[in-house]
Q: 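Sharing a structure, written as structure tokens. Questions coming.
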Amino acid sequence: MSAPPSRLLLPLSRLLVISRPALWVNTIGTLVTGVWLTGRLWTLDSGVLALLLYLTLPFNLLIYGLNDLSDREEDARSSRKGGWQGARLRPEEEGPLLRSTLLVNAPFLLGLALVLPPAATGVLLLSAGLFVAYSLPPLRFKARPFLDGLSNVAYALPLALPALAFGVAVPWAPLLALMSYSVGKHAFDAAQDIPADRAAGTRTVATTLGTRGTAAYALAWFLLAGALLWPVSRLTALALALTCGGMALALLLWPTPRQAGRLYPLSIVTPWIVGSVAGVQLVFLLARGRWDGL
């Protein structure tokens with residue numbers, strides 16, 4: 001049987017699946033939280049609105065499309081891929097996906113560079129660059145234990161973009177807390193993939209530490225994130241400790257990749273839970289004309 005003809009680009013419906021819309025909250029929510037922290041929730045600033053649009057399909061396609069391109073072998077062995085948790089690419093999709101990702105991202109990044117201040121542009125490019133380096137050689141941080149998780153601070157960087165766009169102070173405590181959370185969540189999520197990654201010969205923080213060690217490592221980062229948030233918002237810190245700390249503790253007590261897989265749906269919704277707790281407080285304070293603390 002002859003191979004199917006190669007497409008120039010992938011259809012939008014396929015790009016949507018690959019971009020994992022269930023995880024868009026990690027980019028959109030972070031930016032919106034950053035806008036809230038500037039006190040300009042209802043801004044019509046063109047740069048911020050363009051950022052919001054970019055952090056939907058284009059940026060998530062950059063994150064997960066390149067990740068799927070580099071992880072075809074591991075994904076073929078992973079039972080959670082092929083659905084809402086991530087696409088399982090076919091060989092003939094590789095070239096079209098790479099071209100589609102470039103075509104969708106390049107115009108946005110160029111346009112944003114023209115409308116954003118240099119500092120905001122630099123942070124955005126740093127975030128995008130870390131995601132590229134995570135997935136693609138020669139750096140491919142995904143296969144470099146501990147660097148794989150540390151590079152996931154890229155998820156937190158959009159929190160600083162509104163402040164940089166408006167020329168106001170960067171909210172350092174929430175930013176550092178979100179960075180810590182991102183490192184811990186990456187480790188926790190990688191625990192379920194230990195068998196597939198080991199079979200593919202991919203070294204990660206999870207394959208290096210094992211399931212129990214990974215659970216303890218993730219728990220430490222979640223506790224640090226909670227400590228950083230405590231002076232800013234005790235309720236948000238408690239929500240993070242109860243949800244993220246609780247799931248890490250559950251994995252520590254029953255340290256198997258299967259248990260990590262069972263807990264993964266909770267990991268997916270933790271941004272919604274913690275973000276909702278923070279968001280309710282932020283809206284309340286904004287309604288009272290305050291935004292400098294929770």
Side-chain angles (χ1 to χ4, degrees), residues 9-10 12 15-35 45-71 86-87 89 94-144 147-166 170-171 174-176 178-183 185-186 189 271:
L9 302 171
L10 290 183
L12 178 60
L15 295 179
L16 282 169
V17 171
I18 293 170
S19 72
R20 307 184 198 181
L23 304 184
W24 287 11
V25 65
N26 295 327
T27 53
I28 299 172
T30 300
L31 182 76
V32 171
T33 300
V35 176
D45 180 83
S46 59
V48 172
L49 294 177
L51 273 171
L52 184 62
L53 182 60
Y54 175 63
L55 294 183
T56 58
L57 171 66
F59 196 54
N60 284 279
L61 186 62
L62 176 75
I63 298 171
Y64 301 114
L66 296 183
N67 184 68
D68 290 344
L69 277 172
S70 64
D71 287 355
L89 293 181
E94 291 188 9
L97 174 57
L98 189 59
R99 289 189 290 270
S100 298
T101 302
L102 180 62
L103 182 64
V104 170
N105 278 270
F108 264 105
L109 289 173
L110 179 59
L112 286 166
L114 295 175
V115 299
L116 292 175
T121 300
V123 170
L124 177 62
L125 292 177
L126 174 60
S127 181
L130 284 172
F131 284 122
V132 172
Y134 176 83
S135 295
L136 298 184
L139 295 177
R140 188 161 157 71
F141 292 146
K142 176 181 170 59
R144 299 177 185 269
L147 279 178
D148 54 352
L150 292 172
S151 67
N152 270 242
V153 300
Y155 279 107
L157 293 177
L159 187 75
L161 292 176
L164 294 172
F166 294 135
V170 172
L175 178 62
L176 292 173
L178 187 54
M179 286 180 173
S180 301
Y181 164 82
S182 299
V183 176
K185 187 175 186 301
H186 171 273
D189 292 349

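What you are looking at is a predicted structure, and each value in this text was computed from that prediction instead of being measured.
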Q: Which atom pairs, donor and acceptor, lie under 3.5 Å between side-chain atoms of residues 157-165 and protein residues at least two apart or in another chain?
A:
none

Q: Is there a side-chain contact between Val104 and Pro58, using heavy atoms and a 4.5 Å cut-off?
A: yes
Q: Measuring from Asn152:CG to Tyr181:OH, what's the distance to the nearest 0.5 Å?
A: 11.0 Å
Q: What residues form a side chain to side chain donor-acceptor pair (under 3.5 Å) with Asp148, not counting sequence neighbours?
A: none
Q: Do you know the tightest heavy-atom contact between Arg140 and Ser135?
A: NH1-O, 3.2 Å
Q: Using a 4.5 Å cut-off on heavy atoms from C-beta on, say whether the side chain of Leu98 contacts that of Leu102.
A: no
Q: Run the side chain to side chain contact (heavy atoms under 4.5 Å, CB included) test on Tyr155 and Ile63 for me, step by step, so that the C-alpha distance in whole Å, both residues' side-chain angles and the decisive distance to 0.1 Å come before the verdict.
A: CA-CA 10 Å; Tyr155 279 107; Ile63 298 171; 3.5 Å; yes
Q: According to side chain to side chain donor-acceptor pair (under 3.5 Å), who are the partners of Asn105, at least two apart in sequence or on a separate chain?
A: Tyr54
Q: Between CZ of Phe141 and CG of Leu147, what distance do you get to the nearest 0.5 Å?
A: 6.0 Å
Q: Atom CG of Asp68 and atom CG of Leu61: how far apart are they, to the nearest 0.5 Å?
A: 9.5 Å
Q: Check side chain to side chain donor-acceptor pair (under 3.5 Å) between Thr27 and all other residues, then give those that pass, not counting sequence neighbours.
A: Asn60
Q: For Leu52, what residues pass the side chain to side chain contact (heavy atoms under 4.5 Å, CB included) criterion, not counting sequence neighbours?
A: Ile28, Leu31, Val32
Q: According to side chain to side chain contact (heavy atoms under 4.5 Å, CB included), who are the partners of Val115, at least two apart in sequence or on a separate chain?
A: Leu112
Q: Minimum heavy-atom separation for Ser19 and Leu16, please, with both atom names.
A: OG-O, 2.9 Å
Q: Determine whether Leu55 and Thr30 satisfy the following criterion, side chain to side chain contact (heavy atoms under 4.5 Å, CB included), listing intermediate values before the conclusion.
A: CA-CA 10 Å; Leu55 294 183; Thr30 300; over 6 Å; no
Q: Check whether any side-chain heavy atom of Leu124 sits under 4.5 Å from a side-chain heavy atom of Leu51, and report yes or no.
A: yes
Q: If we only count heavy atoms from C-beta on, is the Leu12 to Leu57 side-chain gap below 4.5 Å?
A: yes
Q: Walk me through whether Leu9 and Ser100 qualify under side chain to side chain contact (heavy atoms under 4.5 Å, CB included).
A: CA-CA 5 Å; Leu9 302 171; Ser100 298; 3.5 Å; yes
Q: Quick one: closest heavy-atom pair of Pro138 and Arg144, and the distance?
A: O-NH2, 3.2 Å
Q: Is there a side chain to side chain contact (heavy atoms under 4.5 Å, CB included) between Arg20 and Asn67 once you walk through the steps?
A: CA-CA 12 Å; Arg20 307 184 198 181; Asn67 184 68; 3.6 Å; yes
Q: Can you name the nearest heavy-atom pair linking Thr101 to Leu62, along with the distance?
A: CG2-CA, 3.9 Å
Q: Please table the atom pairs, donor to acceptor, closer than 3.5 Å between any side-chain atom in residues 125-134 and protein atoms at least two apart or in another chain.
A:
unit_1	atom_1	unit_2	atom_2	d
Ser127	OG	Ala154	O	2.9
Tyr134	OH	His186	NE2	3.0

Q: To the nearest 0.5 Å, how far apart are CG in Leu10 and CD in Glu94?
A: 11.0 Å
Q: Please report the closest heavy-atom contact between Leu103 and Pro107, naming both atoms and the distance.
A: O-CD, 3.0 Å
